[in-house]
Amino acid sequence: MTPLLGLDAAGLDRFFAELGEKPFRARQVSRWLHQRFADAPERMTDLARVTRERLAATATIAAPAVIRDTTAADGTRKWLFDVGAGNAIESVYIPEDDRGTLCVSSQAGCALDCAFCSTGRQGFNRNLTTAEIVGQLWHANRALLADGVSAKGRPERELRPLGGCGGPSQAPWVEQGRAPITNVVMMGMGEPLANYDNVVPALRLFLDDNAYGLSRRRVTLSTSGLVPMIDRLAADCPVALAVSLHAPDDDLRDRLVPINRRHPLKELLAACLRYLPHAPRDFVTFEYVMLDEVNDRPEDARKLVAIAREVPCKLNLIPFNPFPGTGFRTSPRARIRAFQQVLMDAGVTTTIRKTRGEDIDAACGQLAGQVQDRIKRRLAVRIAPLPAR
Ligand code: SAH
Ligand code: SF4
């Protein structure tokens, strides 16, 4: 059985060719799946009965099973999904006045072991499949539509009508509204560029006019800095890029973001510069987690200014979100403001990320899911033998 949610346009074309169906069927089914959120071939009322039967016999349509669905006081909503073998992942919906953003996971756990990240703490279990990645968006849109939430602030020209086919078998929510999720950020559990082969088809579906139809600037991928993969992304599927910087020099970044020992800052910044001509925006977003007395001194900010002179960027300061067992503290508010001021005075656009969904542990870096780290694959272990630079 083929999981249909995991097939991008090219994959669906191949799938329907193998079934002996006409190519336009692929696009038709793509719209049923990703715009009307059909969960069974029998709902696809404008397909011939024999096609529906063939589909039912060869394919499945399903997101990972929901273990828990929690809504925070500020409207942030978090789904915990079962991805089998004792592993769970999370997705977070963040409603704002002018958009609805879904933060999507790419791996069960993460091998990169950043010092301040609860996902990293758990180690790595496995890559999510494309169907599991896309399934998060599919499920969230469906669940929100079922609750009567519709798209906010998305320009009319970017919206595709969801209704149109009618019929008794059509899901009731289809005609109620439009896909409520207008932005996707690959900022959940895992390092998306370490699961490149499954993430890129998912990105393609997010962008595809016959699927979610989001513009490239509404899809953001966040990476801790897998340099060769940044170049591949530029060639294969450039979307808005966020880079987890977190330190202004190699000494500190080596400790906070261990992948830096393999791809140091100079290489990372050069990769950002190579990416920009392909990017949908003319800047890279640098994420910078504010850790009390670790990376929040004014001189750190001044070093960041030097980096910003090199790479067109916006800085996003993320107050550290604590989790049980962490040795770090959040920088005090005044210190974050002072840090921001140094950057702003130098003309660097710098925002402080608003913490959302704190009361349900849905904030950045708090996503825990549950990972059976039987293999204890952690980057720190794997790169330890590298010679000191
Ligand atoms: N693996 C990717 C994307 C997932 S993490 C990456 O590292 O970029 C999304 C963002 O949350 C990253 O910038 C990450 O460094 C940050 N983050 C991780 N743990 C955090 C924590 N405890 N508090 C605040 N931000 C955190
Ligand atoms: Fe992995 Fe990103 Fe967490 Fe680092 S911050 S451990 S790359 S999920």
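This one's a predicted model, so the numbers in the text were calculated from it and none came from an experiment. Worth knowing before you read on, the calculation uses all heavy atoms, side chains too, and leaves out hydrogens, waters and symmetry mates. Whatever order the structure lists ligands and atoms in, that order sets their numbers, starting from 1.
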For ligand 1, which atoms have a heavy atom of Thr223 less than 4.0 angstrom away? 6 (C), 8 (O)
Any atoms of ligand 1 less than 4.0 Å from a non-hydrogen atom of His246? List them with their elements. 13 (O), 14 (C), 15 (O)
Is a side-chain donor or acceptor of Arg302 paired with a backbone partner of Val342 at a separation under 3.5 angstrom? no
Closer than 4.0 Å to some heavy atom of Ile318 - which atoms of ligand 1 meet that? 24 (C), 25 (N)
At under 4.0 Å between heavy atoms, which part of Asn321 makes contact with ligand 1: side chain, backbone, both or neither? both
Any Lys/Arg nitrogen of Arg356 or Glu96 sitting under 4.0 Å from an Asp/Glu carboxylate oxygen of the other? no
Met189 near ligand 1 by a heavy-atom separation under 4.0 Å: no
Is any side-chain N of the basic residue among Glu132 and Arg126 closer than 4.0 Å to the acidic one's carboxylate O? yes
Numbered atoms of ligand 1 (with element) below 4.0 Å of Val289, judged on heavy atoms: 23 (N), 24 (C), 25 (N)
Under 3.5 Å: N/O of Phe116 near N/O of ligand 1: yes
Does the N or O separation between Ser118 and ligand 1 drop below 3.5 Å for any pair? no
Lys/Arg-Asp/Glu bridge criterion (N-O < 4.0 Å) met for Arg261, Asp254: no
Would you say that Asn141 contacts Tyr212 through its side chain, given a criterion of any heavy-atom pair below 4.5 Å between the two side chains? yes
Who's closest to atom 4 (C) of ligand 1 heavy-atom-wise, of Gly225, Gly188, Pro192? Gly188
Any nitrogen or oxygen of Glu287, main chain or side chain, under 3.5 Å from a nitrogen or oxygen of ligand 1? yes
Those atoms of ligand 1 less than 4.0 Å from some heavy atom in Cys117: 18 (C), 19 (N)
Just going by heavy-atom distances, which of Met290, Met187, Glu191, Arg353 is nearest to atom 5 (S) of ligand 1? Met187
With sequence neighbours left out, write down each residue that passes side chain to side chain donor-acceptor pair (under 3.5 Å) with Arg253, or none if nothing qualifies. Asn260
With a heavy-atom distance limit of 4.0 Å, tell me whether Thr326 approaches ligand 1 through its side chain, its backbone, both, or neither. neither
Taking only heavy atoms of the protein into account, state which residues are under 4.0 angstrom from an atom of ligand 2, in chain and number order. Cys110, Leu112, Asp113, Cys114, Cys117, Gly120, Gly190, Glu191, Ser224
Scan for side chain to side chain donor-acceptor pair (under 3.5 Å) pairs involving residues 303-320, sequence neighbours excluded, and state none if there are none. Asp249-Lys303, Asn316-Thr351, Asn316-Arg353
Mutual orientation of the aromatic rings belonging to Trp79 and Phe81 [parallel < 30°, tilted 30-60°, perpendicular > 60°]: parallel
Tell me the closest heavy-atom pair linking Tyr288 and Asp300, and the distance in Å. OH-CB, 3.8 Å
Side chain to side chain donor-acceptor pair (under 3.5 Å) filter on Tyr196, not counting sequence neighbours, yields Asp236
Is it true that a side-chain atom of Arg142 and a backbone atom of Phe37 form a donor plus acceptor pair closer than 3.5 Å? yes
Would you say Asn198's side chain and Leu128's backbone share a donor-acceptor pair under 3.5 angstrom? yes
Does Lys266 come within less than 4.0 Å of Asp250, counting only side-chain N to carboxylate O? no
Can you find an N/O atom of Gly190 closer than 3.5 Å to an N/O atom of ligand 1? yes
